[in-house]
Q: 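Okay, here's the structure, questions in a sec.
The sequence lines fix the lettering, A, B, ..., with proteins before strands; numbering per chain opens at 1. Because the structure is predicted, anything quoted here is derived from the model rather than measured.
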Protein chains: 2
Amino acid sequence: MTETTKRPEKRVTVIDVARAAQVSPGTVSNAINGKRPVDSETRARIEKAIATLGYVPNMAARGMRTGRAGTIALFSSMPTAVAAGASKLGFMMEIAASAAQVALRRNVALVLVPPIAAPADALRNVPFDGALLVEPAEDDPFLDLLSARAVPVVGIGAAPRAGMPCIDLHYRATAKLLTEHLLSAGSRSFPLVIGTSARQYYREFEEMYCTILASAGLVPRVIRVDEAHGEEAGAAAVEARLAEDPALDGVLVPVDALATGVMAGLRAAGRNVPRDVRVVTRYDGLRARTETPPLTAVDLHLEEAAERGTLALLDMIEGAETPPVRLLPEPALVLRASSAPE
Amino acid sequence: MTETTKRPEKRVTVIDVARAAQVSPGTVSNAINGKRPVDSETRARIEKAIATLGYVPNMAARGMRTGRAGTIALFSSMPTAVAAGASKLGFMMEIAASAAQVALRRNVALVLVPPIAAPADALRNVPFDGALLVEPAEDDPFLDLLSARAVPVVGIGAAPRAGMPCIDLHYRATAKLLTEHLLSAGSRSFPLVIGTSARQYYREFEEMYCTILASAGLVPRVIRVDEAHGEEAGAAAVEARLAEDPALDGVLVPVDALATGVMAGLRAAGRNVPRDVRVVTRYDGLRARTETPPLTAVDLHLEEAAERGTLALLDMIEGAETPPVRLLPEPALVLRASSAPE
DNA sequence: TTGAAAGCGCTAACAA
DNA sequence: TTGTTAGCGCTTTCAA
């Protein structure tokens, strides 16, 4: 039984390449990674050996040495029902598309973590060097998971915990924009419809809305509906409200899935949008654009938010200090038929 | 200098946990992974030690032993210009959302790889156990990368190379559906507008379109435009065609970015859709839905395609044999105003 | 049910 | 510019 007969075709390793190229494994490594200069002739031999043997570096082993997974994770925690349906995770996916491209330019890949039942379990074997958290709730289950991993985290929206760097999505400015738009379009009696979960997003919207209405001499009215029930909850809420307030002439409903529900409720109640009632929402996604009539919404500059968040995260992973909050351009109104002025 | 004074806070490892729980590292591993039974009392000690020390397993080390990265990658290679713009990678992202959820249920995460300039370089340090390839071109740069990695691959659309398992997106049936729809809606002179790259998608569309038109006694006309030029190319193509054929009364333009361009071209030429010209496209994404008027498109069952593709891939990774082609429900027409019958 | 020990493949420190 | 060597943290035999 000679050496040449050895059967079990093992994985080709640096050692095999080194032997074939008559150099040491360290030199092979340096030829591949360019961390140290390698003589061009030596490099040629190594490259030839790599090609001949069909060597593919073992990422896991490399990761073990370097301490890098080569990936970052994007988490989105919105209640599934809100995210699902027509716009199917649209908000998250819009961020994901940009983040993935930016990260890849720095040789890091983006891992997608949509809302799931048992995150800790599902991610048992999934390595990542850092995380982007999209509009986390304050009791977000992902937060524990991430603090256990002890990796850098950047929030997109607002920081759920003090000290977490984040890309500010300008909740207050957005609320102001929409509330004042309804006012100037002529609405005088319009509730704010938001979800029940604990989110800074809701809190700041509510605060801004109430302040503006009060100073305009109007009565604010906040309706909370369970996002988990999606569109139907939105429809039911607006129908109930119409019964109490037949003079209702607008609805500010930032969550797009609820907005679609509100539209259905108004249709069912025989109200015309925008003639009788104006409706505005926040995220300018598929739902807002394909509603009949299409909904006035807000350009949040999500693409830019994703890019900055990703770059900040990559910097943190590489050990850089990061300013806690990165600024975005101000949100801009996207005017559509649902809130045409009188 | 006592043991308690050791300063450099090192990572907590199985060894530390084992010491604290007074067991061997192997037992800690088994307690965590449940591969071997562990006495419940012992397990309790280990769990306590893990909690106390804040132990987090090192995924890279685990991956090195098990040979699993814990991720799969989703590649999409469509020319950027087509994918970008309003519907920003919509097709890929729709698949991604479903695939990510299905994969996570099997404790595997999805890595997103949108079209990029230097894929081999960008993915240098990114480990994955398998790949989904969305509508690959025949000379797709990702194919080399994947064969170098020697991981299982599943195509979504059609297999670019013989032997690759794939989820069939029914190109022929889709082409038939759209062509016959235009015919039965009353169109008699309608070109097929497709891209210039080498894709099975285009080839099968062309073939089916030509066959049907010929057997209806009509003259097929195929217009190829460079997808990289996006909407403008579509607009220019249809305007040129109108000059040659003023009787043009329909356009079959499967690529949605080109369809948007065709619509713009028709508008510029003063043609009304659908009164003068009917337009139909394939992917029922943001573009089709928000065009004015909205475009007739096809329900490709992308969600189901993504799910089946992902499951097939995971099975392959686990060593199962996979039938080369998985069947999907037949594509279904989504009728919209752009092709209303006479 | 548990322990001891080998070693996965790579990179980085040190030496030459 | 290159070689030598140690060891990252884990799982998995084999033995008890």
Q: Round to a whole Å and report the spacing from CE of B:M64 to C1' of C:dC10.
A: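 Answer to the nearest Å: 7 Å.
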Q: Salt bridge or not for B:R106 and B:E318, using N-O below 4.0 Å?
A: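 Here B:R106 pairs with B:E318 in a salt bridge, since their nearest N and O are under 4.0 Å apart.
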Q: What is the distance, to the nearest angstrom, from the CZ atom on B:R62 to the C1' atom on C:dG7?
A: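 Going from CZ in B:R62 over to C1' in C:dG7 covers 18 Å.
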Q: Please pick, from C:dG9, C:dA12, C:dT11, the nucleotide with the shortest atom-to-atom distance to any side-chain atom of A:A61.
A: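 Given the options C:dG9, C:dA12, C:dT11, the side chain of A:A61 is closest to C:dG9.
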Q: Round to a whole Å and report the spacing from CG of A:N33 to C1' of C:dC10.
A: 9 Å
Q: Expressed as a whole number of angstroms, how long is the span from A:I15:CD1 to C:dC8:C1'?
A: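 For the pair A:I15 CD1 and C:dC8 C1', the rounded distance is 11 Å.
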Q: With rounding to the nearest 0.5 Å, note down the distance linking CZ in B:R308 to CD1 in B:I167.
A: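 Rounded to the nearest 0.5 Å, the CZ-CD1 separation comes to 7.5 Å.
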Q: Is there a donor and acceptor pair closer than 3.5 Å between the side chain of B:R36 and the base of C:dT1?
A: no
Q: Compare side-chain N and O positions of B:T42 against OP1 and OP2 of C:dT2 and report whether any pair is under 4.0 Å apart.
A: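 Indeed, a polar side-chain atom of B:T42 lies that close.
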Q: Give one of base, sugar-phosphate or nothing for A:Q22, where a contact means two heavy atoms less than 4.0 Å apart.
A: sugar-phosphate
Q: What's the closest nucleotide to the side chain of B:R65 if the choices are C:dG7, D:dT2, C:dC10?
A: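 Between C:dG7, D:dT2, C:dC10, the one nearest the side chain of B:R65 would be C:dG7.
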Q: If you check the B:D39 side chain, which of C:dC10, C:dT1, D:dT2 turns out closest?
A: C:dT1
Q: Please report the distance, rounded to the nearest Å, between CZ in A:R11 and C1' in C:dC8.
A: 10 Å
Q: With a 4.0 Å cutoff (strictly under), does any side-chain N or O of B:T66 reach OP1 or OP2 of D:dT11?
A: no
Q: Can you figure out which of D:dG3, D:dT11, C:dC8 approaches the side chain of A:S24 most closely?
A: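 The listed nucleotide nearest to A:S24's side chain is D:dG3.
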Q: Atom NZ of B:K35 to atom P of C:dT2: distance rounded to whole Å?
A: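 Going from NZ in B:K35 over to P in C:dT2 covers 18 Å.
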Q: Any non-hydrogen side-chain atom of B:P152 less than 4.5 Å from a side-chain atom of B:L313?
A: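 SC-SC contact between B:P152 and B:L313 confirmed.
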Q: Can you tell me how far P of C:dA15 sits from CG of A:N30, to the nearest Å?
A: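 Roughly 18 Å, once rounded to whole Å.
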Q: State which of D:dT1, D:dT2, C:dT11 makes the closest approach to the side chain of A:V38.
A: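 The listed nucleotide nearest to A:V38's side chain is D:dT2.
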Q: When you check the gap from the basic side-chain N to the acidic O, do A:R19 and A:D16 get nearer than 4.0 Å?
A: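 Yes, A:R19 and A:D16 are salt-bridged.
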Q: To the nearest Å, give me how far apart CG (B:N125) and P (C:dG9) are.
A: 18 Å
Q: Does the pair B:T66 and B:R68 meet the rule for a side chain to side chain donor-acceptor pair (under 3.5 Å), with working shown?
A: CA-CA 5 Å; B:T66 62; B:R68 288 282 162 77; over 6 Å; no
Q: Starting the side chain at C-beta, find the nucleotide from D:dT11, D:dC10, D:dT1 nearest to B:T13.
A: D:dC10
